[in-house]
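Chain letters run A, B, ... following the sequence lines, proteins first and then strands; every chain starts at 1.
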Amino acid sequence: MSLNAELSELFRILAALMDIKGENVFKAMAFSKVSRILKDATIDVKKAVEEGTLEEIEGIGASSRRVIEQYVRTGKSEDFDAVAATVPAGLIPMLEIPNLGPKTIALLWKQRGITSIDELAKAIDAGKLAELPGMGEKKIQLIKQGLALRTAAGKRIGIVTALPLGEMLAEQLRHLSGVAAAEVAGSLRRRSETVGDLDLVCAVKKGAGGEAVAEAFVEFPQVHRVQAKGAAKVSIATADDLQVDLRIVPEEHFGATLMYLTGSKAHNVHLRGLAQAKKMTLNEWGLYELDQYEKAKKSPGAAPAAKPVAAKTEREIYNALGLKWIEPELREDRGEIEAAAADALPKLIELKDIRGDLHCHTNASDGRSSIEQMAQAALDRGYEYLAITDHSKTQVIANGLTAQRLAKHAAEIRRISSSLKGITLLAGCEVDILADGRLDFEDAVLAELDFVVASPHVALKQPPAKATDRLLRAVENRYVNVIGHPTGRLIFEREGLTFDFEKVFKAAAATGTALEINGAYPRLDLNDVQARAALAAGVKLSVDTDAHSTEGLDDMRIGVFVARRAWASSRDVINGMTLGQLRQFIAHKRK
DNA sequence: GCCGTTTTCGGCCCGACTGTTTTCAGTCG
């Protein structure tokens with residue numbers, strides 16, 4: 001775990017301890033914020049401490065700074081240890097149990113001496129929870145249910161699984177009578193690489209009731225269990241124990257609810273702060289003048305009886321707050337609100353800006369489709385070019401090409417390319433970056449190719465210093481145009497390489513080497529935060545699919561989501577270039 | 001704990017739903 005990650009975890013636990021201790025909730029929120037800041041940070045915390053730049057970071061105050069500084073120097077924090085000594089460590093994981101929160105955990109601890117999940121389970125079975133204040137039979141059953149669910153609840157699913165499900169549910173909602181609009185919201189709308197649950201927003205037309213939609217929704221075939229059902233909100237679980245939350249609102253409030261449910265939480269909190277500064281209040285019903293809102297009559301599930309400043313569309317609400325509309329992918333409170341206020345948001349890349357795919361395989365190595373089939377599929381997707389980049393010889397398991405086979409393959413690619421209209425094939429290779437940074441082919445072999453992707457496939461657990469040298473060596477090779485899936489991580493499966501990002505980004509920018517956003521799930525490598533830091537260092541990105549079949553080319557959509565979350569414009573991405581520009585990019589490095 | 005053209009003290013985002021409650025606390029997002 002990196003130092004940033006360790007500290008982020010430390011503050012996450014510190015916030016949890018505050019919650020359980022029943023400290024001021026804002027204290028816990030403050031620590032949570034520090035945890036999030038450290039998780040998102042692409043800065044090197046150690047360096048920030050050494051250079052004294054920690055205090056420039058908003059949200060990190062004197063107390064947190066003291067903890068960070070001591071931890072960086074000594075690997076521990078006395079402040080943290082002092083708090084941790086007062087609360088049993090076993091209580092922290094209990095916070096992950098659905099339906100069980102900090103107040104109840106503290107109650108169980110103080111009144112029944114329960115200090116771990118195991119003890120909780122035993123206490124329930126022994127009937128020891130009865131007669132606690134506020135603890136009825138239903139509540140005990142809820143906690144029991146939560147215990148049974150906890151493994152599933154902590155499980156996140158990938159965007160490639162969640163997106164089709166979410167889009168299908170939204171489409172089913174749109175077909176219900178009285179429904180004006182339905183959209184996916186939540187982290188899925190922000191295109192996070194994984195999601196913990198699904199959020200949907202449904203707008204009903206005037207005169208139509210939310211009850212009917214709620215009733216119809218719980219009858220959808222995907223619904224396995226209903227957890228809560230009101231006229232404004234329904235929570236269900238699918239057969240796979242994925243939670244789906246639906247909000248139902250009158251259409252004139254659709255934008256406010258969509259915005260609220262899209263989040264992120266940090267983004268929303270920041271916006272509500274802005275609203276307050278303007279003597280307004282922002283909630284899922286809309287943006288209201290504070291004095292009018294306070295006077296207005298309110299009842300659960302119904303819009304407050306006040307005229308909102310804005311509510312119908314997201315754009316109106318952002319504008320009323322003095323902001324440009326913010327793309328959902330940016331809503332992480334990573335500077336997008338400040339940028340929106342300054343009209344300095346990037347024009348995010350879109351799928352239609354992509355002119356070609358620069359990393360794919362054919363049946364010459366481990367792909368399933370032929371050169372012709374891949375070329376036709378690329379043409380069908382409107383591409384101007386396609387680089388065919390089969391594996392190099394070390395990838396025996398992937399039927400990697402020897403230099404001899406590669407030369408023949410390249411000739412074949414060029415022959416087919418010259419017979420095609422509307423698309424150019426680039427004869428390339430995905431050459432292995434060996435553990436020591438040597439490439440799997442000599443320069444003389446690479447020099448014969450039009451395009452080279454160099455990727456690490458093995459030795460993905462080597463120490464950071466070695467990994468840094470390894471990648472730098474590949475970056476500095478004049479024939480290497482893209483570093484493919486630079487870390488080699490696989491979501492949920494392996495962490496991949498850690499290396500000195502700053503150093504590698506700097507070298508990539510200086511040499512004219514692009515870094516890949518590999519759109520093949522579960523790679524998504526670089527990830528959003530890394531890719532954004534690369535862009536900030538002046539690096540170009542290459543958004544590719546690593547397709548092993550014609551259908552694999554469709555993963556470009558996912559790759560573009562990651563690029564958008566990295567704040568990338570089309571000009572930041574080499575396969576947003578025309579073929580002529582791309583050839584210049586390649587030639588420039590070879591000079 | 002953090003922050004400041006509204007504040008160095010006193011605020012800090014806000015509502016829906018459930019359960020145990022006779023008016024609210026806890027959890028969730």
Undergrad: Determine the interatomic distance between C1' on B:dG4 and the same-named atom on B:dT8; round to the nearest Å.
TA: 8 Å

Undergrad: Can you tell me, in whole Å, how much space there is between the C1' of B:dT21 and that of B:dC14?
TA: 23 Å

Undergrad: Check whether any side-chain N or O of A:Gln227 sits under 4.0 Å from OP1 or OP2 of B:dC17, and answer yes or no.
TA: no

Undergrad: Rounded to whole angstroms, how far apart are CD on A:Glu284 and C1' on B:dC28?
TA: 12 Å

Undergrad: In whole Å, what is the span from the CD1 atom of A:Ile143 to the C1' atom of B:dT27?
TA: 11 Å

Undergrad: Look at the side chain of A:Gln530 and the backbone N and O of A:Asn527, then say whether any donor-acceptor pair between them is shorter than 3.5 Å.
TA: yes

Undergrad: Taking only Lys NZ, Arg NE, NH1 and NH2, and the carboxylate oxygens of Asp or Glu, determine whether A:Glu314 and A:Arg331 approach each other closer than 4.0 Å.
TA: yes

Undergrad: What's the gap between B:dT6 and B:dG1 when it is taken at their P atoms, as a whole Å value?
TA: 26 Å

Undergrad: Which one, B:dC28, B:dT18, B:dC12, comes nearest to the side chain of A:Pro98?
TA: B:dC28

Undergrad: Can you check the A:Tyr260 OH to B:dC28 P distance for me, whole Å?
TA: 13 Å

Undergrad: Please tell me if the side chains of A:Tyr288 and A:Lys307 come closer than 4.5 Å, counting only heavy atoms from C-beta onward.
TA: no

Undergrad: Counting any heavy atom closer than 4.0 Å, what does A:Gly186 reach on the DNA or RNA strands: base, sugar-phosphate only, or nothing?
TA: nothing

Undergrad: When you compare B:dC12 with B:dT7, how far apart are their C1' atoms, in angstrom units rounded to a whole number?
TA: 12 Å

Undergrad: Applying a 4.0 Å non-hydrogen cut-off, can you work out what A:Glu58 is touching in the nucleic acid: base, sugar-phosphate, or nothing?
TA: sugar-phosphate

Undergrad: Students often get this wrong, so: under 4.0 angstrom with heavy atoms, is A:Ala231 touching a base, only sugar-phosphate, or nothing?
TA: sugar-phosphate

Undergrad: Once you round it to whole Å, what is the distance between P of B:dG1 and NZ of A:Lys33?
TA: 16 Å

Undergrad: Using purine N1 to pyrimidine N3 plus N6-O4 or O6-N4 for Watson-Crick, or N1-O2 and O6-N3 for G-U wobble, each under 3.5 Å, what pairs with B:dC9?
TA: B:dG4

Undergrad: Is it the case that A:Glu193 and A:Tyr521 place a side-chain donor and acceptor less than 3.5 Å from each other?
TA: no

Undergrad: Measure CZ/A:Arg65 against P/B:dC2 and give the value in whole Å, please.
TA: 9 Å

Undergrad: Can A:Glu137 and A:Gln141 be counted as having a side-chain donor-acceptor contact under 3.5 angstrom?
TA: yes

Undergrad: When you check the phosphate oxygens OP1 and OP2 of B:dC28, does a side-chain N or O of A:Ser235 lie under 4.0 Å from one of them?
TA: no

Undergrad: If you look at every strand shown and take non-hydrogen atoms under 4.0 Å, does A:Asn24 touch a base, only sugar-phosphate, or nothing?
TA: base

Undergrad: Give the minimum heavy-atom separation between A:Leu524 and A:Gly519, together with the two atoms involved.
TA: CD2-O, 3.6 Å

Undergrad: Within the pair A:Trp285 and B:dC14, is there a side-chain N or O less than 4.0 Å away from OP1 or OP2?
TA: no

Undergrad: Taking only the P atom of each, what is the distance from B:dG26 to B:dT20 in whole angstrom?
TA: 14 Å

Undergrad: Nearest whole angstrom, please: distance from the P of B:dG29 to the CG of A:Asp197.
TA: 6 Å

Undergrad: Specify the separation, in whole Å, of atom CG of A:Asp245 and atom P of B:dT18.
TA: 12 Å

Undergrad: Heavy atoms under 4.0 Å, any strand shown: does A:Phe26 hit a base, just sugar-phosphate, or nothing?
TA: base

Undergrad: Quick one: on DNA chain B, does A:Ala277 or A:Leu282 contact a more 5' nucleotide (nearest heavy atom)?
TA: A:Ala277

Undergrad: If every non-hydrogen atom of A:Leu107 is compared with every non-hydrogen atom of A:Pro133, which pair is closest and at what distance?
TA: CD2-O, 3.9 Å

Undergrad: Heavy-atom nearest nucleotide on DNA chain B for A:Gly230 versus A:Val269: which residue maps closer to 5'?
TA: A:Val269

Undergrad: Taking only nitrogen or oxygen atoms into account, show me every contact under 3.5 Å that the protein makes with nucleotides 19-26 of chain B, one pair per line with its distance.
TA:
{"residue": "B:dT20", "atom": "OP1", "partner": "A:Gly136", "partner atom": "N", "Å": "3.0"}
{"residue": "B:dT20", "atom": "OP1", "partner": "A:Gly136", "partner atom": "O", "Å": "3.2"}
{"residue": "B:dT20", "atom": "OP1", "partner": "A:Glu137", "partner atom": "N", "Å": "3.4"}
{"residue": "B:dT20", "atom": "OP1", "partner": "A:Lys138", "partner atom": "N", "Å": "3.3"}
{"residue": "B:dT20", "atom": "OP1", "partner": "A:Lys139", "partner atom": "N", "Å": "3.1"}
{"residue": "B:dG26", "atom": "O3'", "partner": "A:Thr104", "partner atom": "OG1", "Å": "3.1"}

Undergrad: Whole angstrom is fine here: how far is it from NZ in A:Lys27 over to P in B:dG10?
TA: 18 Å

Undergrad: Base, sugar-phosphate, or nothing: which does A:Lys279 touch, judged by heavy atoms less than 4.0 Å apart?
TA: nothing

Undergrad: Check the orientation of A:Phe11 and A:Phe31. Use parallel for under 30°, tilted for 30 to 60°, and perpendicular for over 60°.
TA: tilted

Undergrad: For B:dG29, does the base pair up with any side-chain atom of A:Asp199 as donor and acceptor (N or O, under 3.5 Å, distance only)?
TA: no

Undergrad: Can you tell me how far C1' in B:dA16 sits from the matching atom in B:dC9, rounded to whole Å?
TA: 33 Å

Undergrad: Applying salt bridge (charged side-chain N to carboxylate O under 4.0 Å, His left out) between A:Asp528 and each of A:Arg564, A:Arg190, A:Arg565, report the one that passes.
TA: A:Arg565

Undergrad: Have a look at A:Asn268 and say if it touches a base, only the backbone sugar-phosphate, or nothing, with a 4.0 Å heavy-atom cut-off.
TA: nothing

Undergrad: Looking at the side chain of A:Lys265, which of B:dG29, B:dA16, B:dG1 is the nearest nucleotide?
TA: B:dG29

Undergrad: Distance between the P atoms of B:dG29 and B:dT22, in whole angstroms?
TA: 27 Å

Undergrad: Any idea which heavy atoms bring A:Ile92 and A:Ala16 closest together, and the distance?
TA: CD1-CB, 4.2 Å

